[in-house]
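Have a look at the structure below before the remarks.
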There are 2 protein chains.
Amino acid sequence: MDSEKVLEAFGANLRRIRETRKISQEKLGEIANIDRTYVSSAERGKRNVSLINIIKFANALEVNPSALLDFQWEEMDEIPRYHKTKI
Amino acid sequence: MDSEKVLEAFGANLRRIRETRKISQEKLGEIANIDRTYVSSAERGKRNVSLINIIKFANALEVNPSALLDFQWEEMDEIPRYHKTKI
DNA sequence: TTGTGACTTACAGTCCGTT
DNA sequence: CAACGGACTGTAAGTCACA
């Protein structure tokens, strides 16, 4: 589990979903009440976004928060254990 | 969307899943490499946990990160819009 | 085994701007 | 419209002694 790649994966999800909504970073920021420069850096994987802001983003984009955490773990250095076991 | 309740909901999920694993907060902290007292405060909804730590918790508990974000929105003040639309 | 208050440090997050 | 920088404020991260 590589922290940097987690942030990049989150950012990629954020960007992909925002683009399907056909709204700008600025517009997303306005809806979510988050600064536009922060949206930009979050999408580029430069920010360790907190839970409240993850929820804000999800609500603004009208998706379940889990959509933003739907990572492609194959790209990570270590495969998280939940791929091997179920709860 | 009430921030305080989001944190409490996250903490409740964290605690519930940890208890199904039958491990102590201290043991979870050891696995996730997070301080025991931090686990305690996160479970009590006192921390706005960031993405990296959400992933650490999820990996340590061997669950998908989205399991920790599986909130009961009915209890919240405002129903997030993703209940009304799908992506 | 867990809860809690207090504390410092690091960085989350904002606001101004330029390219 | 987005990337990026600088300077700033607020708060999460991380730890401790003690209940």
Side-chain angles (χ1 to χ4, degrees), chain A residues 1-63 65-66 68-69 71 78 80, chain B residues 1-63 65-66 68-69 71 76 80:
Chain A
M1 206 269 294
D2 183 318
S3 293
E4 192 177 327
K5 289 187 176 172
V6 168
L7 302 190
E8 288 172 359
F10 176 86
N13 285 347
L14 183 61
R15 172 162 298 177
R16 178 175 43 76
I17 296 171
R18 176 181 60 80
E19 288 176 343
T20 66
R21 295 299 192 219
K22 299 193 192 309
I23 60 175
S24 65
Q25 292 176 348
E26 189 161 12
K27 182 64 178 175
L28 171 56
E30 179 190 320
I31 299 171
N33 200 28
I34 289 174
D35 193 82
R36 78 180 158 78
T37 65
Y38 188 82
V39 176
S40 173
S41 55
E43 285 191 354
R44 285 177 284 117
K46 304 300 183 189
R47 299 288 183 155
N48 182 18
V49 183
S50 72
L51 179 56
I52 295 296
N53 279 349
I54 292 172
I55 302 299
K56 282 189 185 178
F57 278 133
N59 287 346
L61 291 169
E62 305 182 5
V63 293
S66 64
L68 292 169
L69 298 193
F71 303 142
E78 182 185 327
Chain B
M1 206 270 293
D2 183 316
S3 294
E4 193 177 327
K5 288 187 177 172
V6 168
L7 302 190
E8 288 172 0
F10 175 86
N13 284 347
L14 183 61
R15 172 162 297 177
R16 179 175 43 76
I17 296 172
R18 176 181 61 80
E19 289 176 343
T20 67
R21 295 299 191 217
K22 301 193 192 308
I23 59 175
S24 65
Q25 292 176 350
E26 189 161 12
K27 182 65 178 174
L28 171 57
E30 179 189 320
I31 299 171
N33 199 28
I34 289 175
D35 193 86
R36 164 189 84 72
T37 64
Y38 187 87
V39 175
S40 172
S41 54
E43 285 190 354
R44 284 176 287 117
K46 303 301 184 189
R47 301 279 184 156
N48 182 16
V49 183
S50 72
L51 181 53
I52 295 295
N53 280 348
I54 291 172
I55 301 299
K56 282 188 186 178
F57 279 134
N59 287 346
L61 291 169
E62 306 183 5
V63 294
S66 63
L68 292 169
L69 299 194
F71 303 141
M76 307 293 169

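Numbered from 1 within each chain, the chains take letters A, B, ... in sequence-line order. Excluded from the calculations below are hydrogen atoms, water molecules and symmetry mates; all remaining heavy atoms, backbone and side chain alike, are included.
Interatomic distance, A:Leu68 CG to A:Phe10 CZ, rounded to the nearest 0.5 Å: 5.0 Å. Atom CD1 of B:Ile54 sits about 12.0 Å away from atom CG of B:Asn59, to the nearest 0.5 Å. We find the CD1-CD1 distance between A:Ile52 and A:Ile34 to be 10.5 Å, quoted to the nearest 0.5 Å.
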Atom pairs under 3.5 Å: protein N/O with N/O of nucleotides 13-15 of chain D:
from   : atom 1 : to      : atom 2 : distance (Å)
D:dA13 : OP1    : B:Tyr38 : OH     : 3.4
D:dA13 : OP1    : B:Ser50 : N      : 2.8
D:dA13 : OP1    : B:Ser50 : OG     : 2.8
D:dA13 : OP2    : B:Tyr38 : OH     : 2.1
D:dA13 : N7     : B:Arg47 : NH1    : 3.0
D:dG14 : OP2    : B:Asn53 : ND2    : 3.4
D:dG14 : N7     : B:Arg47 : NH1    : 3.2
D:dG14 : O6     : B:Arg47 : NH2    : 3.2
D:dT15 : O4     : B:Arg47 : NH2    : 3.3

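Within 6.0 Å of atom CD in B:Glu4, 12 or fewer heavy atoms from other residues, nucleotides or ligands are found, so the atom counts as exposed in its surroundings.
One atom, NZ of A:Lys27, and another, P of D:dC1, lie 11 Å apart when rounded to the nearest Å. Atom-to-atom, CZ of A:Arg36 to P of D:dG5 comes out at 14 Å; the value is rounded to the nearest Å. Atom P of nucleotide D:dC1 and atom NZ of A:Lys22 are separated by 14 Å, given to the nearest angstrom.
Pairs of residues two or more places apart, or lying in two chains, that qualify as salt bridge (charged side-chain N to carboxylate O under 4.0 Å, His left out) and include a residue from residues 40-50 of chain A are A:Arg15-A:Glu43, A:Arg18-A:Glu43.
By the salt bridge (charged side-chain N to carboxylate O under 4.0 Å, His left out) test, A:Glu30 is found to be paired with A:Lys27, residues two or more places apart in sequence or in another chain being considered. The side chain to side chain donor-acceptor pair (under 3.5 Å) check on B:Asn53 picks up nothing, with sequence neighbours excluded. Scanning for side chain to side chain contact (heavy atoms under 4.5 Å, CB included) contacts around B:Asp35 gives B:Thr37, B:Tyr38, with sequence neighbours left out.
If you walk DNA chain C from 5' to 3' and mark each nucleotide with an atom closer than 4.0 Å to a heavy atom of chain A, the marks span C:dA12 to C:dG17.
Tested against A:Phe57 for a side chain to side chain contact (heavy atoms under 4.5 Å, CB included), the candidates A:Leu28, A:Ile17, A:Ile31, A:Val63 yield a single pass: A:Leu28.
Direction of the helix axis in the helix from C:dT2-D:dA19 to C:dT19-D:dA2 shifts by 50° between the two five-pair termini, rounded to 10°.
Residue contacts for B:Ser40: at a heavy-atom cut-off of 4.0 Å it reaches a base atom on one of the strands shown.
Residues A:Thr20 and A:Leu61 are not in side-chain contact: their nearest non-hydrogen atoms beyond the backbone lie 4.5 Å or more apart.
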